Protein chains: 2
Amino acid sequence: MDAYKYIKEAIIHGKYEPGMRLGEESLAKELKLSRTPIREAIKQLESEGLVTPLKRGVSVRHFTREDIQQIYDLRTLLEGYAASQAALHRTDEDIKMMKEANDRYEEAINRYKEADLNSIKEIVNFNQQFHEAIISACKNPHIYFHLSKVVVVPLVFRSFYWYDAFELKRSLEVHKTILSAIQNQDSERARVAMTEHIYQGRDQVLAHLEEIKKIHVLKEDTHD
Amino acid sequence: MDAYKYIKEAIIHGKYEPGMRLGEESLAKELKLSRTPIREAIKQLESEGLVTPLKRGVSVRHFTREDIQQIYDLRTLLEGYAASQAALHRTDEDIKMMKEANDRYEEAINRYKEADLNSIKEIVNFNQQFHEAIISACKNPHIYFHLSKVVVVPLVFRSFYWYDAFELKRSLEVHKTILSAIQNQDSERARVAMTEHIYQGRDQVLAHLEEIKKIHVLKEDTHD
DNA sequence: AATTAACGCTTTGTATACAAAAGGTCAATG
DNA sequence: CATTGACCTTTTGTATACAAAGCGTTAATT
């Protein structure tokens, strides 16, 4: 298997936790490869900022609350712009792709049962498909290049897994607003709706982080 | 020497021209290294988009006119935002850095003699220092991370080398406008001035590209 | 003469071996 | 008892050797 993809997935899925050291030898044994391809994968991840260099080797990057704020600021900027451009440049084909992704998103949300991991994975997938359809419609591949590196970060926190039925419905409604703004070529409306949508996502992640922090504090207390 | 830096510089300075194939063996011989560190450097450059994968190996990426348009759109967005945030978050120390860089920029422009490569390099350097001071003042390292990859591209065309004395003076004036807007914490003014500044840069590069194209057409004609 | 198949050469992908640097441990000394 | 220094282990950095995959060239056949 491709070492780069494997390690990246492992980081996103939390198999390798933030701060954890990534030794070349152990990765090589785990993937049944030699150290050479492992090193190349690590170099790539390093240049994307998913791992940080140590004095020796690398460790999985730890993102602070401040990082999340800043990264989401970046994402609102880029993806808001992408939505506005999509409104200007979208073709019928683009609209079809967005509709399709969002319809499946809706179906998955309606099928959703609380705490069913599989159905959540499905939802996350179709959500991503919708956003990618928009980015693709804005006809600027360089935007996609940068956004793909920005979007990865919050996935590490898997905050989507904490969404309840109400939040999912709300997210779906905003998607529909964005979609119709793009269809109507109302670029400013598309930009604002997308920006707001992503700010809502940020609030979810930050709230999630607070929950985690509380739990940690509780654990610390029990240890005393 | 570090293979990554070396190859990157060589691409920026035009030693390796767009479309040129980068063979591992030949690079290894040139840098007096084995293929292993070369491969790692290439992987990094690939993930930054400076080289593109072939069926076998990589070649120096060729940027079209459309690429330039799109990349500059991205840059106005990011660096305009950076300027607006710098206006909000700047410290006295930040202002000092900007002033210093821009003063040196001004001195270098005043010393400027037409077609003197060394003085142009100096100018390019202080210009970069000024822009970096702003990005640093916006207190969002992630912006810097992405901008540093966006900014590299136009350098490949070395359009700055075509600036005449008038354009340099104008650029200097805009710098001063941006600087005072940031000092006065006028974030919207800073954003707009920076955006305009970068659009002017884009126009320069695109005009430069047109010149190059004309020359190519002339050459083609002489060959017949 | 054109097309295709096969062979050989070039270049990349992977593994391994060796060199060098960093970190940890234990003992000796102040 | 603490601190430092030397040695030993672990891990990374680099080189090289070998395997595999493209690519071009040539020759053979239609």
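Here is the naming used below: chain letters follow the sequence lines, and residue numbers restart at 1 for every chain. Since this is a predicted model, take the numbers as computed values, not measurements.
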Requested in this report: Ignoring hydrogens and angles, state whether a donor on the side chain of B/His175 or B/Asn127 is under 3.5 Å from an acceptor on the partner side chain.
Outcome: yes

Query raised in the report: Just checking, is any N or O donor in the side chain of A/Tyr4 or B/Ser47 under 3.5 Å from an acceptor N or O on the other one?
Result: no

Query - Distance, rounded to the nearest Å, where A/Arg39 contributes CZ and C/dA15 contributes C1' - result: 14 Å

Query raised in the report: Can the ring centroids of A/His131 and A/His197 be said to lie less than 6.0 angstrom from one another?
Result: yes

Report task. Provide, to the nearest angstrom, the distance between the NZ atom belonging to A/Lys32 and the P atom belonging to C/dT14. Result -> 17 Å

What's touching nucleotides 16-20 of chain D from the protein side, N or O pairs under 3.5 Å?
| from | atom 1 | to | atom 2 | distance (Å) |
| --- | --- | --- | --- | --- |
| D/dT16 | O4 | B/Thr36 | OG1 | 3.4 |

Query - Gap between atoms CG and P, on B/Asp2 and D/dG13 respectively (whole Å) - result: 12 Å

Query raised in the report: Please give, in whole Å, the distance from D/dG13 P to B/Leu33 CG?
Result: 14 Å

Report task. Taking atom types as modelled, find out whether A/Lys15 and A/Tyr6 have a side-chain donor-acceptor pair closer than 3.5 angstrom. Result -> yes

**Report entry** Euclidean distance, atom CD of residue A/Glu24 to atom P of C/dA22 [Å, nearest integer]
**Finding:** 15 Å

Requested in this report: Establish, with yes or no, whether the OP1 or OP2 oxygen of C/dG23 is under 4.0 angstrom from a side-chain nitrogen or oxygen of A/Arg21.
Outcome: no

Query raised in the report: Quick one: does B/Arg104's side chain get under 4.5 Å of B/Glu122's, heavy atoms only?
Result: no

Query raised in the report: Taking B/Lys43 as the fixed residue, which of A/Glu46, A/Glu40, A/Glu48 is the one that meets the salt bridge (Lys or Arg N to Asp or Glu O under 4.0 Å) rule?
Result: A/Glu40

Query raised in the report: Could you state the NZ-P distance from B/Lys29 to D/dA15, rounded to the nearest angstrom?
Result: 16 Å

Query - 4.5 Å side-chain heavy-atom contact, A/Thr36 and A/Arg39 - result: no

Report task. Take atom CG of B/Leu27 and atom C1' of C/dT12, then tell me their distance rounded to the nearest Å. Result -> 13 Å

Query raised in the report: Just by distance, with hydrogens left out, do A/Gln44 and B/Gln44 show a side-chain donor and acceptor under 3.5 Å apart?
Result: no

Query raised in the report: If you look at every strand shown and take non-hydrogen atoms under 4.0 Å, does B/Glu25 touch a base, only sugar-phosphate, or nothing?
Result: base

List, with names and distances, any nitrogen or oxygen atoms from the protein found under 3.5 Å away from nitrogen or oxygen atoms belonging to nucleotides 4-10 of chain D.
| from | atom 1 | to | atom 2 | distance (Å) |
| --- | --- | --- | --- | --- |
| D/dT10 | O2 | A/Arg56 | NH1 | 3.3 |

Query - Member of B/Asp73, B/Thr76, B/Leu77 meeting the side chain to side chain contact (heavy atoms under 4.5 Å, CB included) criterion with B/Ile198 - result: B/Thr76

Report summary line: Ranking C/dT12, D/dG13, D/dT14 by distance to the side chain of B/Pro37, first place goes to D/dT14

Requested in this report: Nearest whole angstrom, please: distance from the P of D/dG13 to the CD1 of B/Ile38.
Outcome: 15 Å

